[in-house]
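First up is the structure itself, then whatever we jot down about it.
Note that these values count all heavy atoms, side chains included, but never hydrogens, waters or copies made by symmetry.
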Amino acid sequence: MPDEERKAVDRDPLWTSIGQVLWLLRQAERDNRPPLRTVEVAGAMRIHHSRASELLNDLEKLRQVDATKTGRQVRWSLRPAEL
């Protein structure tokens, strides 16, 4: 892959796992669906549940997503943009 093409790929957030998670959560919000469960994120990305959980927890530490726990289920949503 030429350097210029590699740089373009590196700049595209959808090439990163974190970018894909954010995109999924944004789509759910845009479609007025309820916040996604970890298993739904894992299924959409075709990754193991534990990897999806790890990514979501990383985003929570970065204060980009919020988690709501109901029983054993955790639902994830984008954090409101700070003004």
Side-chain angles (χ1 to χ4, degrees):
M1 178 183 299
D3 279 346
E4 192 169 310
E5 188 177 338
R6 183 178 308 283
K7 287 177 185 176
V9 166
D10 290 343
R11 284 191 303 267
D12 186 348
L14 286 179
W15 284 101
T16 67
S17 296
I18 292 287
Q20 291 174 21
V21 171
L22 291 172
W23 184 84
L24 284 169
L25 296 176
R26 197 171 292 119
Q27 287 302 113
E29 188 176 273
R30 202 174 282 153
D31 295 342
N32 294 316
R33 290 183 287 156
L36 297 178
R37 296 176 295 144
T38 306
V39 70
E40 293 170 318
V41 172
M45 292 180 65
R46 297 182 180 164
I47 59 175
H48 193 271
H49 180 276
S50 61
R51 177 66 178 139
S53 182
E54 182 181 290
L55 291 167
L56 289 159
N57 285 319
D58 288 348
L59 282 167
E60 185 178 34
K61 288 176 191 169
L62 293 171
R63 302 175 55 98
Q64 293 195 18
V65 299
D66 284 326
T68 305
K69 190 169 185 176
T70 307
R72 293 183 62 187
Q73 291 188 6
V74 179
R75 291 194 172 267
W76 299 90
S77 59
L78 292 175
R79 196 154 212 227
E82 296 187 31
L83 302 175

Can you tell me how far apart [atom1] ([X]) and [atom2] ([Y]) are? Round to the nearest 0.5 Å.
{"X": "Gln64", "Y": "Ile18", "atom1": "CD", "atom2": "CD1", "value": "8.0 Å"}
{"X": "Leu59", "Y": "Ser17", "atom1": "CG", "atom2": "OG", "value": "10.5 Å"}
{"X": "Glu60", "Y": "Arg79", "atom1": "CD", "atom2": "CZ", "value": "8.5 Å"}
{"X": "Asp66", "Y": "Leu56", "atom1": "CG", "atom2": "CG", "value": "11.5 Å"}

Would a 4.5 Å heavy-atom cut-off, applied to side chains only, mark Met45 and Val21 as touching?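 They are in contact (side-chain heavy atoms under 4.5 Å apart), so the answer is yes.
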Just grab all the salt bridge (Lys or Arg N to Asp or Glu O under 4.0 Å) pairs involving residues 48-58, residues at least two apart or on different chains.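 Pairs touching residues 48-58 that pass the test: Arg51-Glu54.
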Does Ala44 have any side chain to side chain contact (heavy atoms under 4.5 Å, CB included) partners at least two apart in sequence or in another chain, and if so, which?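 Side chain to side chain contact (heavy atoms under 4.5 Å, CB included) list for Ala44, sorted by chain: Leu24.
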Which heavy atom of [X] sits nearest a heavy atom of [Y], and at what distance?
{"X": "Pro35", "Y": "Arg75", "result": "O-NH1, 2.5 Å"}
{"X": "Ala67", "Y": "Trp76", "result": "CB-CZ3, 3.5 Å"}
{"X": "Val41", "Y": "Ala52", "result": "CG1-CB, 4.2 Å"}

Donor-acceptor contact present, side-chain Thr16 to main-chain Gly19, <3.5 Å: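 Indeed, once roles are kept as given, a pair shorter than 3.5 Å links the two residues.
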Check whether any side-chain N or O of Glu40 sits under 3.5 Å from a backbone N or O of Arg37 as a donor-acceptor pair, and report yes or no.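 Judged by distance alone, yes, a pair lies under 3.5 Å.
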Please list, chain by chain and in numerical order, all residues satisfying side-chain hydrogen bond (donor to acceptor under 3.5 Å, both in side chains) with Glu29, sequence neighbours excluded.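 Result, side-chain hydrogen bond (donor to acceptor under 3.5 Å, both in side chains) vs Glu29: none returned.
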Quick check: is Val39 connected to Leu55 through a chain of hydrophobic side chains (ILVMFWY, heavy atoms under 4.5 Å apart)?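 Different clusters: Leu55 never reaches Val39 through Ile, Leu, Val, Met, Phe, Trp or Tyr contacts under 4.5 Å.
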